[in-house]
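Residue numbering restarts at 1 for every chain, and letters A, B, ... go by the order of the sequence lines. This structure is a prediction, so every number in the text was calculated from the model and none was measured.
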2 protein chains.
Amino acid sequence: MAVTIRDVARASGVHVSTVSRSFSAPHLVNPETRTRVLAVAEDLGYRPNRAARALTTGRTHNLGLIVADIANPFFPPLIKAAQAQARLRDYHVFVADTDEDPKAEEDLIQTLTKQVDGVLLCSPRLTNRTIERLREEIPFVLVNRRVKGMPTVLMDVGRGARLAVEHLTGLGHRRLAVVTGPSGSWTSKEMQEAAAAMNEVDVVFLGPNPPTELGGLAAAADVVASGATGVLAYNDLVAIGLVEGLAERGVEVPRDVSVIGVDDIVAGRLGRPKLTTIAMPTAAAGRIAVDMLLQSVDAEAATGVTMLETTLIVRESTGEART
Amino acid sequence: MAVTIRDVARASGVHVSTVSRSFSAPHLVNPETRTRVLAVAEDLGYRPNRAARALTTGRTHNLGLIVADIANPFFPPLIKAAQAQARLRDYHVFVADTDEDPKAEEDLIQTLTKQVDGVLLCSPRLTNRTIERLREEIPFVLVNRRVKGMPTVLMDVGRGARLAVEHLTGLGHRRLAVVTGPSGSWTSKEMQEAAAAMNEVDVVFLGPNPPTELGGLAAAADVVASGATGVLAYNDLVAIGLVEGLAERGVEVPRDVSVIGVDDIVAGRLGRPKLTTIAMPTAAAGRIAVDMLLQSVDAEAATGVTMLETTLIVRESTGEART
DNA sequence: ATACTTTTTGCAACCGGTTGCCGAACCCGA
DNA sequence: TCGGGTTCGGCAACCGGTTGCAAAAAGTAT
């Protein structure tokens, strides 16, 4: 059916090994021979079979990218950047979605193991123990999750949260609420710890919540009940849902309550009010994570933690506290 | 390093072929032997190497899913449904993003060819000619695109567009605008044709536009200039951007202009005004497309067109024309 | 007990590449 | 012209499974 390396060998009158080398070790074959072989290959429409190559080299030239939820707009920029970076290195990325389910996540990793050289785990919901165990089977890079001794790319949400709290207190807010995310989320924990460590403010934590608009919508009642006038939401989706939920209860943003989100997704830049938010360098994270992963794929055991900066972007969803 | 079929064979005192058959052809091996082999395999932590299997069987048990833009919220439900359906059939899905670039799309298909058994092409921007050529290399199923003789899953946007136009004329609008999408888009063409075929309305077409909020934002000026009071946007993202762009020009929705989107994405259900939209059965499309693809993978040459219904959901972005 | 099925297992070739090893051809200087 | 060093290309084993074929084992009928 398909044209193989042997067809090319026959057609160009050389041995298969020469054809193979023409592709994967050019310096070992006479330039003239190589040109001829490549021409014939081109002519026959030959394309190397990556699966076969993987068998001997042990390299599939594929990477796995596992995210909790593709539908969350936080991920696509990261995914795109990772894909682009991988292509640069002649790798392909297989994206998979776990639906926020740790069990599905583990299964996925297991099945992916033989088909990829490494896995990018974005915002995993697994336990540390499980991650450490899985690590034996295949190289990992974690994004948005800290596990001792594993290569990791983090975004400094702690600092972001501090900036957010300072911004709110600067506007005169004295009672704040943090609408937290899913329980397994490192980001959520970071936010909480940073907020809790701030002095001279009264902070209440509401959660856990699903990291979606619906989560924010549902949290609106608690926010109202809490009496907080400044809110830091787990992410922009939650913030958007929250604004909506508050509006349904006659609470207007930013007039009555100020809301800050996280991620700086496009939707937040367009609705009304435009969201004040903590911008995350997701594209950079994707690129860097891929490079770290490739490094640890062939360097046996690379490790290291990269921390990326976050920034506070002030828009319309925060305002002075009413006195 | 990893445990192979031969390790299992040695450890359980049978030939490799027996081990192989214990997994892939159970009825050909004595139940007792099989139980023993499986136990040993389990014990050793053996997992079959899919790449190796692919080499002999010619089946990778992987599917490719190519979308124009993962960041477009239209796709995730489709992707998730496709993934879930594929898992049910013991297949994996590799998602890839083309960034709306036909060239990248073609490259991607080429490289994917050897690693997957079939490809799901969602809203492809390629020319018909290219698609037909690529078809020789690997089984396809198209979503949201019609090419003669190819298995296809469509959503009836034509009907949706007619419903939308009727809704608008019913509200008294006499001059309508259609904000179209990218030039290669089948959906866009369908919408235009359906709208153009409606009598007794004055329709102007504005485009092509990128299928994003920014596209809608940019189209606002043209809409204002066109004098239309009813607008059908290429999708909800465009609609949301458009609403925002109109607001910037002091044009309020639905007071001054009515806007209808397409897709029924979550963001449209939450902003203000909540979008009137044409809902697309994306999850169903994903499921069906996977099944059609798997069918045409082993049935050599299956074909057929599935058309799914769309519905008009009336919310707040449409209202009576001012007289 | 014999001949004939049917089930179970082993053998070995094969899928499509890669790679260590070895010999042939070539180059250079003396 | 000969020895020594390179460069180039062929040979064959191998990666980890699958599968057609046939031998061995077990079962059945006569």
Side-chain angles (χ1 to χ4, degrees), chain A residues 1-38 40-41 44-62 90 111-117 137-138 298, chain B residues 1-38 40-41 44-62 90 111-117 137-138 298:
Chain A
M1 197 79 244
V3 25
T4 79
I5 204 174
R6 304 180 205 261
D7 300 324
V8 178
R10 203 172 310 122
S12 49
V14 299
H15 196 264
V16 290
S17 56
T18 304
V19 178
S20 172
R21 280 191 278 255
S22 295
F23 283 93
S24 43
H27 59 283
L28 288 180
V29 38
N30 186 315
E32 276 177 39
T33 320
R34 175 156 183 269
T35 321
R36 188 156 43 85
V37 169
L38 292 189
V40 172
L44 265 48
Y46 167 76
R47 334 210 104 241
N49 181 331
R50 300 179 83 132
R53 178 177 300 178
L55 200 51
T56 44
T57 60
R59 286 286 133 82
T60 62
H61 266 244
N62 290 142
D90 194 25
T111 340
L112 235 47
T113 297
K114 285 290 192 338
Q115 327 197 42
V116 302
D117 298 338
E137 316 206 356
I138 192 168
D298 38 42
Chain B
M1 195 79 244
V3 26
T4 79
I5 204 174
R6 300 178 209 262
D7 299 325
V8 178
R10 203 172 311 122
S12 49
V14 299
H15 195 264
V16 290
S17 56
T18 303
V19 178
S20 171
R21 281 190 278 253
S22 295
F23 284 93
S24 44
H27 60 282
L28 287 181
V29 38
N30 186 314
E32 277 176 38
T33 319
R34 174 155 183 269
T35 322
R36 188 157 43 87
V37 169
L38 293 189
V40 172
L44 266 48
Y46 166 75
R47 336 208 104 242
N49 181 328
R50 300 179 81 133
R53 178 178 299 178
L55 200 52
T56 44
T57 61
R59 287 284 133 81
T60 62
H61 267 244
N62 290 141
D90 194 26
T111 339
L112 235 47
T113 297
K114 284 291 191 338
Q115 327 197 44
V116 300
D117 298 338
E137 316 206 357
I138 191 168
D298 38 41

Base, sugar-phosphate or nothing for Ser20(A)? Non-hydrogen atoms, less than 4.0 Å. base
Measure CZ/Arg50(A) against P/dG17(C) and give the value in whole Å, please. 13 Å
For side-chain contact (heavy atoms from CB on, under 4.5 Å), just list the numbers for Ile138(A) and Val116(A), CA-CA rounded to whole Å, side-chain angles, deciding distance to a tenth of an Å, and then say yes or no. CA-CA 9 Å; Ile138(A) 192 168; Val116(A) 302; 3.6 Å; yes
Can you measure His61(B) atom NE2 to dT18(D) atom C1' for me and round it to whole angstrom units? 13 Å
Measure from CZ on Arg34(A) to P on dG9(D) and round the result to the nearest Å. 12 Å
Qualifying residue for side chain to side chain contact (heavy atoms under 4.5 Å, CB included) with Thr18(B), from Val29(B), Ile5(B), Asn30(B): Val29(B)
Trace of the side-chain contact (heavy atoms from CB on, under 4.5 Å) decision for Thr4(A) with Asp7(A): CA-CA 5 Å; Thr4(A) 79; Asp7(A) 300 324; 3.7 Å; yes
If you find the nucleotide of DNA chain C closest to His15(B) and the one closest to Ala52(B), which residue's nucleotide is nearer the 5' end? His15(B)
In this structure, how many angstroms lie between the P atom of dC14(D) and the CG atom of Leu55(A), rounded? 14 Å
Between the side-chain atoms of Arg21(B) and the base atoms of dG10(C), is any donor-acceptor pair under 3.5 Å? yes
Rounded interatomic separation in angstrom, taking NE2 from His27(A) and P from dG9(D): 13 Å
Closest listed nucleotide, where the reference is the side chain of Ser24(B) and the choices are dT18(C), dG16(D), dT18(D): dT18(D)
Touch class at under 4.0 angstrom, heavy-atom based, for Val14(A) against every strand present: sugar-phosphate
Ignoring backbone atoms, establish whether Thr57(A) has a side-chain N or O less than 4.0 Å from OP1 or OP2 of dC15(D). no
From Leu44(B) atom CG to Arg10(B) atom CZ, the distance as rounded to the nearest 0.5 Å: 10.0 Å
What contact category does Phe23(A) fall into here, base, sugar-phosphate, or nothing, at under 4.0 angstrom with non-hydrogen atoms? nothing
Could you pick out which residue, Gly13(B) or Thr4(A), lies toward the 5' side of DNA chain C when each is mapped onto its nearest nucleotide? Gly13(B)
Please tell me which of Leu28(A) and Val16(A) maps to the more 5' nucleotide of DNA chain D, matching each residue to the nucleotide holding its nearest heavy atom. Leu28(A)
Assign Thr18(B) to base, sugar-phosphate, or nothing according to its heavy-atom contacts below 4.0 angstrom with the strands shown. sugar-phosphate
Take atom CG of Asn49(A) and atom P of dC14(C), then tell me their distance rounded to the nearest Å. 18 Å
Length of the CD-C1' vector between Glu32(A) and dA25(C), whole Å: 14 Å
Within the modelled atom types, does a donor on one side and an acceptor on the other bring the side chain of Arg6(B) and the base of dG17(D) under 3.5 Å apart? yes
What's the separation between atom CG in Asp117(A) and atom OG1 in Thr57(A), rounded to the nearest 0.5 Å? 8.0 Å
dT18(D), dA12(D), dG16(C): which one has an atom nearest the side-chain heavy atoms of Arg53(B)? dT18(D)
Nearest heavy atom decides the nucleotide; on that basis, is Ser17(A) or Pro31(A) closer to the 5' end of DNA chain D? Pro31(A)
Expressed as a whole number of angstroms, how long is the span from Ile5(A):CD1 to dC15(D):P? 18 Å
So Asn62(B) and Gln115(B), do their side chains get closer than 4.5 Å, heavy atoms only? no
